[in-house]
**Q** 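Pasting in a structure now, in C-alpha cells, and then I'll have a few things to ask.
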2 protein chains.
Amino acid sequence: MMTIGTLAEKTGVGIETIRYYERRNLVLPVARKASGYRIFDESSVHKIKFIKNGQRLGFTLNEIGSLLALRVKKSGRCGDVKRKAEEKILEIESKIKSLRQMKKALTELIGHCHAERPTGDCPILQSINGVKED
Amino acid sequence: MMTIGTLAEKTGVGIETIRYYERRNLVLPVARKASGYRIFDESSVHKIKFIKNGQRLGFTLNEIGSLLALRVKKSGRCGDVKRKAEEKILEIESKIKSLRQMKKALTELIGHCHAERPTGDCPILQSINGVKED
DNA sequence: GTAAACCCGGTACCATACTACAGGGTCAAG
DNA sequence: CTTGACCCTGTAGTATGGTACCGGGTTTAC
C-alpha cells in the first residue's frame, strides 16, 4: 500500500503521469483514503512497468490499454495478443521502409553538394524545390 | 496571380493548410486585395511543393522553415544545407535502429506464442509485464 | 440584382503523451 | 501546534501538423 508519490518513485514516472494514466483508465488506484488520497499496491507498480515496456515495443497507450484489457478478460486468447503483435510488426516495417527511402534520397542529394557554393545554386535545395528557382 | 483556393487546387493542399503555413511564416501571400483576399503567385506554388517534398524527406515544418530561410539569405552556403541533411540522416538512422529493436523483440515474443492459450498464460503479456502475474 | 461560390478572421478541435500550474486540503515530524 | 512535504481537483499549456466551423463580407456568372 502506497501513495502516488511512492508509486512514482518506484516506477520512475512522474506523479502527473500517473494521474494521466488514471484519466486514460490504464492505472486505477486500488482505493482512496477518507482524505481523497489515492492508494496503490504492487499491482500498480507492475502495471506501470507493463506500460513502459509496451511503449518501448512501439505500442501506443491506446494499444497498451487493450493489451491490459485482454490480460484481464477470461475469454482473451493468447492468439489475440499475437495478432496485435504481428500488426505492430507490419507497422514498424512500413515505418522503417519509408525512413530508408528518406535516407536514400538525402544521401543522393548530399552527393551532389559542393559546400562552398551559395545556397542559390545548392543542388539539394533545387532538388527539394523540384525547379531551378523560386 | 491567384487566390488561395486556386493555390490550394494547384498544390493539392487544403485552404486551411495554406493559412496555417502563413501563420507559421512559411508561405506569405505576395499581396492582399482591398477586400482582404490573399493574392499568391507561382513562387507560392513552388514554396508549397518545396514544403511537401521536404516533409517527404522527413523534415519538420520548423526545419523546412530554416531551409527556406537559407535559400533566401545571400550568406547561406550550400554546406549549411548539407549539414542539415546529414543531421537528418543521423536522426533517421537512429529511428530505424530503435524500430529494428522493437521488431526484433516482438518477433521473439511471437515465437513463444501458442494461440489457444488463455491470455493469463500468454508469454507475450508475461514478458511485457516482466513478471508472472499482475 | 441575386444567388452560388468564394474568401475573411478567429476560435476551437483532432491525436499523442505528457507537464505545469493554481488554489486549496492533509499528514507527519519535532 | 505549526511547518513543510505531500496530496487533491481542475484547467491550461507543450509540440506536431493540420482540420473544422462560425458569422460574416466579396466576387462572379447569369
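Predicted model only: the values in this text are computed from it and were never measured. Order of the sequence lines fixes the chain letters, A, B, ..., with proteins taken first and strands second; residue numbering starts at 1 for each chain. Atoms considered below: every heavy atom in the structure, side chains included; atoms not considered: hydrogens, waters and symmetry mates.
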**Q** What protein N or O atoms touch nucleotides 27-30 of chain D N or O atoms at under 3.5 angstrom, if any, and at what distances?
**A**
| residue | atom | partner | partner atom | Å |
| --- | --- | --- | --- | --- |
| D:dT27 | OP1 | B:Ser35 | OG | 3.0 |

**Q** Taking atom P of D:dC7 as reference, at what distance in whole Å does atom CG of A:Leu7 sit?
**A**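 For the pair A:Leu7 CG and D:dC7 P, the rounded distance is 10 Å.
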**Q** Which donor-acceptor pairs under 3.5 Å do side chains of residues 27-37 of chain B form with protein atoms, sequence neighbours excluded?
**A**
| residue | atom | partner | partner atom | Å |
| --- | --- | --- | --- | --- |
| B:Arg32 | NH1 | B:Gly36 | O | 2.9 |
| B:Arg32 | NH2 | B:Glu22 | OE2 | 3.2 |

**Q** Examine B:Ile15 and B:Val13 and state if one hydrophobic cluster contains both, with Ile, Leu, Val, Met, Phe, Trp and Tyr joined whenever side-chain heavy atoms are less than 4.5 Å apart.
**A** yes
**Q** At less than 4.0 Å, is any side-chain N or O atom of B:Lys52 found next to OP1 or OP2 of D:dG18? Yes or no.
**A** yes
**Q** Side chains of A:Thr60 and A:Asn62: donor-acceptor distance under 3.5 Å anywhere?
**A**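 A:Asn62 and A:Thr60 do not have a side-chain donor-acceptor pair below 3.5 Å.
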**Q** When hydrophobic residues are tied together by side-chain contacts of less than 4.5 Å, even through go-betweens, does B:Ile110 share a cluster with A:Leu67?
**A** yes
**Q** What about A:Ile89 and B:Met102, same hydrophobic cluster or not, with Ile/Leu/Val/Met/Phe/Trp/Tyr joined at side-chain heavy-atom distances under 4.5 Å?
**A** yes
**Q** Can you list the residues that meet the salt bridge (charged side-chain N to carboxylate O under 4.0 Å, His left out) rule with B:Lys88, with sequence neighbours excluded?
**A** B:Glu63, B:Glu91
**Q** Taking all atoms of both residues into account, what is the closest heavy-atom pair of A:Arg24 and A:Leu61, and its distance?
**A** NH2-CB, 3.4 Å
**Q** Say whether A:Val45 and A:Leu68 are linked into one hydrophobic cluster, either directly or through other cluster members, by side-chain heavy-atom distances under 4.5 angstrom.
**A** yes
**Q** Counting only heavy atoms and a strict 4.0 angstrom limit, can you tell me which residues of residues 14-26 of chain B come near DNA chain C?
**A**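 Those residues whose heavy atoms fall under 4.0 Å from DNA chain C, taken from residues 14-26 of chain B in numerical order, are B:Ile15, B:Arg19.
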**Q** Check whether the side chains of B:Gln55 and B:Lys52 place a donor and an acceptor atom closer than 3.5 Å, and report yes or no.
**A**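 B:Gln55 vs B:Lys52: donor-acceptor pair found between side chains.
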**Q** Going 5' to 3' along DNA chain C, which nucleotides are the first and last within contact of chain A (any atom under 4.0 Å from a heavy atom)?
**A**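 Answer, 5' to 3': C:dT16 to C:dC27.
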**Q** Taking only residues two or more places apart in sequence or in another chain, which ones pass salt bridge (charged side-chain N to carboxylate O under 4.0 Å, His left out) with B:Glu86?
**A** none
**Q** Using atom CD1 of A:Ile39 as one end and atom P of D:dC7 as the other, report the distance to the nearest whole Å.
**A** 12 Å
